[in-house]
Amino acid sequence: MANLTELQKISTQVRRDILRMVTNAKSGHPGGSMSSADFLTALYFGVMKHNPETWTRSGKGIDAFILSAGHLTPVYYSILARSGYFPVSELSTFRFFGSRLQGHPCIEKGLPGIFQTSGSLGQGLSAAIGMALGKKLDKDENLVYVMLGDGECEEGQVWEAAMFAVHHKVDNIIAMVDWNGQQIDGKIDDVAGVGDLEAKWKVFGWETIVADGHDFEAILEAYKAAKEATGKGKPVMILFRSDMGHGVDFMAGTCEWHGKAPSAELCEKALAQLEETLGDF
Amino acid sequence: MATKYTNTGNKDTRSGFGAGLLEAGKKNPDIVALTADLAGSVKMDAFAKAFPERFIQCGIAEANMIGTAAGLAITGKIAFAGSFAEFVTGRVYDQIRQEVAYGKTNVKIASSHAGITLGEDGATHQTMEDIALMRALPNMVVINPCDYNQCKAATLAIAEYEGPVYLRYGRPSMPNFTPEDQVFEIGKAICMNEGKDVTIFATGHLVWEAIGAAEILEAEGISAEVIDIATIKPLDEEAVIASARKTGTVVCAEEHNMCGGLGELISGVLAANEPTPVEFINGGDKFGQTGTPAQLLKAYGMDAENIAAAARKAISRKK
């Protein structure tokens, strides 16, 4: 498990990967990838029980993760590659014809580390709950993690799943929301406000934790509390307060870079703000 | 000479599914079943009673049910997700497309109350578009058994098959006439009656009507071949082409909208391989309405008399 300094180094490199991938592909979703980069880095390098060398899709004997906000493949693929699921050099094929790194997570191309397809929003929580029920039937005590966007919480299926998980006491799941307050068309409060997510998840019956999604100490503390809350009859939610585009001054705090690649020139400007810590792909 | 089939007593195809699910569940501990507040209606109740830990009640939330089924399948379970046909197709098309078909999860969509023979509930519940929707999904197998025994055998077969399946069955009590001990082969057309003048390709409840049509035609000296297309996808193209080549003219009969169903499917195969006149028995481009199954089959032109009339017309179009 990586320490705080190492996690910071990895997430800085992940942000460089995100920017270089979308610039290389001339498309993709850098904004939410950068807002979730820190807590997803912490998950894979400091929290989850997983092993790239023995990974299988069934997730037997390991923790599983589903990216419900499937458009955030830049951060997902970077973290999987940096974890050792496939060569880091393959990140250069992101969104290219024939690549295993499809625009959204895909099973058919056989990229290791991917448990389920996603992209059409609102569905990953249900799949994660199904995996968690499967683990219970198998007496597998490992956990299922799943990440949603906050805009994604506008989808009705999310709340079907929220009620179901509480009713069935699915207490081996830790869900996370990247609570950055932005979606493609603008600020969530302006587009179709989801309101107070903390109050909502609580009243739906979830053990709900709120944490700063850019402070590794707070992130690890939140995961620790979440894991301690599992096995007690309730599903667990961590709402990570975050900034879309975090890490690059001209991208932070706006929806402008939700689904847009920077020009080569702007990418260079952004990279100048992020140290190359582990070597670019 | 038309083969004589004996109706061993009317039964509903949904109960065939229920019996098959229970038997499959006894054989394989990895089978799980999910429903959206319709356990009794879709005949999952016996399974639920026998294996309560493997039965998952999802409440009236079909989208979550499909996703949950997919998640269970990822962990190695064989997940049967059941509701009324409309609610496990149209209502959750995107969930099936992403979580089941594209995700290649081992989910069996148990689709009860399909077609117009649902009867009195009327058009909101009588889906006749489901075959078209499910056929259009890559990786999806589409099965529409013709009676109780075949539905039971098909349920056992799909439990053994690794991959997404859409199993379509109905609500009403209908003739049960195929062998009790049959083994269902996915992808195989079943010749119910050999003939030489016309082929009737039928699926689901209309197979019995097609057999009735063959008997009507026999009395007129017309020899009709009846083929049960129990698996719509993958279609047994070899059997379709061979029969059309033999008889030279074809009727396609289905309890489905004219768009995207069996008729269009077979026409496409024949156009590419064995151009043949085709007549169509289907629900047209219309919604259903309230009525008894028999009234509706007659009103929408799907009964034995109408199939026989279509066969005569098909024969008249032979060159």
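None of the values given here were measured: they were computed from a predicted structure. Worth knowing before you read on, the calculation uses all heavy atoms, side chains too, and leaves out hydrogens, waters and symmetry mates. A note on names: the letters A, B, ... follow the listed sequences, proteins ahead of strands, and every chain is numbered from 1.
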Q: Pick whichever of Gly156(A), Ala128(A), Gly59(A), Ser118(A) has the most heavy-atom pairs under 4.5 Å with chain B.
A: Ser118(A)
Q. With a cut-off of 6.0 Å (strictly less than), are more than 12 heavy atoms of other residues, nucleotides or ligands near CD of Glu120(B)?
A. yes
Q: Please flag which part of Ala63(B) lies under 4.5 Å from any non-hydrogen atom of chain A: side chain, backbone, both or neither.
A: both
**Q.** Contact winner vs chain B - Lys60(A), Glu108(A), Gln116(A), Lys136(A), heavy-atom pairs under 4.5 Å
**A.** Gln116(A)
Q) His168(A) versus chain B, heavy atoms under 4.5 Å apart: side chain, backbone, both or neither? A) side chain
**Q.** Approximate separation, where rounding is to 0.5 Å, of Leu133(A) CG and Glu53(B) CD
**A.** 13.0 Å
Q | Within 6.0 angstrom of Arg91(B) CZ, more than 12 heavy atoms from elsewhere | A | no
**Q.** Spacing of CD1 belonging to Ile74(B) relative to NZ belonging to Lys135(A), to within rounding of 0.5 Å
**A.** 11.0 Å
Q | Lys260(A), NZ atom: more than 12 neighbouring heavy atoms under 6.0 Å | A | yes
(Q) So for Lys104(B), is it side chain, backbone, both, or neither that comes closer than 4.5 Å to the heavy atoms of chain A? (A) both
Q. Looking only at heavy atoms, what is the nearest atom pair of Thr117(A) and Glu99(B), with distance?
A. O-OE2, 4.0 Å
Q | Heavy-atom pair of closest approach, residues Tyr102(B) and Pro105(A) | A | CE2-O, 4.2 Å
Q | Phe287(B), CZ: over 12 other non-hydrogen atoms inside 6.0 angstrom | A | no
(Q) Nearest 0.5 Å, please: how far is NZ in Lys77(B) from CE in Met131(A)? (A) 11.5 Å
Q.
Please give me the minimum heavy-atom distance between Thr105(B) and Arg57(A), naming the atom from each residue.
A. CG2-NH2, 3.5 Å
Q: Could you check which of Ile66(A), Leu137(A), Ile114(A) has the highest count of heavy-atom pairs closer than 4.5 Å to chain B?
A: Leu137(A)
**Q.** Residue from Thr68(B), Ile60(B), Asn64(B) passing side-chain contact (heavy atoms from CB on, under 4.5 Å) with Glu160(A)
**A.** Asn64(B)
